[in-house]
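Please read the structure below before turning to the comments.
Predicted model, so just to flag it, every value in this text is computed and none were measured. Heavy-atom basis, side chains included; hydrogens, waters and symmetry copies ignored.
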Amino acid sequence: MVDFNRNFFNTTTALQSQRFGKVTVMGGANFTVGVMAKEPFSNLSAVGGGFAPFKASKKLSGNLLVLGVYSPFTKFYEGKWWDSGLLLVPFSSWDYTISKNFKYNVSLSGTYQLKGSVLQYQVLTGAKILL
């Protein structure tokens with residue numbers, strides 16, 4: 001994220017993945033460091049989850065990704081800024097094949113704080129063109 005007047009930080013993620021049939025499991029860590037609201041900010045999170053592609057019909061296929069993020073180490077100002085607990089990050093992408101070279105796509109994703117509420121969600125749509 002970049003807002004040079006007040007905020008500047010970067011998140012780096014390292015993940016290890018292993019495929020078991022059609023399902024891929026992942027685990028790793030996120031590290032964020034920077035400045036937020038002109039104050040030092042840092043975060044270390046553990047990440048784990050899985051990914052699976054699927055085919056619903058001849059023309060409809062998709063992917064499902066679910067990640068869990070545990071973020072106990074967040075520092076902002078002089079101490080702990082946010083006690084996030086466990087976050088769930090689901091992502092689903094659906095492709096509808098219109099022709100051999102063109103697919104219409106709808107993606108749904110969000111962030112949910114376990115024992116909390118929905119923190120963010122988004123619906124994206126677009127096209128995939130094979131050139």
Going by side chain to side chain contact (heavy atoms under 4.5 Å, CB included), name the residues that satisfy it together with [X], two or more places apart in sequence or in a different chain.
| X | value |
| --- | --- |
| Ser107 | Phe91, Ser93, Asn105, Leu124 |
| Gln18 | Phe20, Val25 |
| Leu130 | Asn101 |

- Query: In terms of hydrophobic clusters joined by side-chain contacts under 4.5 Å, are Leu86 and Val66 together?
  - Reply: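 No.
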- For Phe31, what residues pass the ring pair (Phe, Tyr, Trp, His ring centres under 6.0 Å) criterion, not counting sequence neighbours?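 Applying ring pair (Phe, Tyr, Trp, His ring centres under 6.0 Å) to Phe31 gives none.
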- Message: Using side-chain heavy atoms (C-beta onward) and a distance below 4.5 Å, is Leu88 in contact with Leu114?
- Response: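 Yes, their side chains come closer than 4.5 Å.
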Got a sec, which residues hit side-chain hydrogen bond (donor to acceptor under 3.5 Å, both in side chains) with [X], two or more places apart in sequence or on another chain?
| X | answer |
| --- | --- |
| Thr111 | Gln120 |
| Thr125 | Tyr104 |
| Gln122 | Ser109 |
| Ser92 | Trp94 |

- Task: Evaluate side-chain contact (heavy atoms from CB on, under 4.5 Å) for Leu87 paired with Leu119, printing each intermediate quantity in order.
- Result: CA-CA 9 Å; Leu87 301 176; Leu119 300 176; 3.7 Å; yes
- Message: I need the full list of salt bridge (Lys or Arg N to Asp or Glu O under 4.0 Å) pairs touching residues 118-131, with sequence neighbours left out, sorted by first then second residue.
- Response: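 Listed once each, the pairs are Asp95-Lys128.
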- Item | Pairs satisfying salt bridge (Lys or Arg N to Asp or Glu O under 4.0 Å), at least one member in residues 8-32, at least two apart |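 Residue pairs passing salt bridge (Lys or Arg N to Asp or Glu O under 4.0 Å), neighbours aside: none found.
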- Task: Taking all heavy atoms of Phe41 and all of Thr32, pick out the closest pair and write down the distance.
- Result: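 Closest approach of Phe41 to Thr32, heavy atoms only: CE2-CG2, 3.6 Å.
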- Looking only at side chains, do Asn43 and Ser71 share a donor and an acceptor under 3.5 Å apart?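 The answer is yes; a qualifying pair exists.
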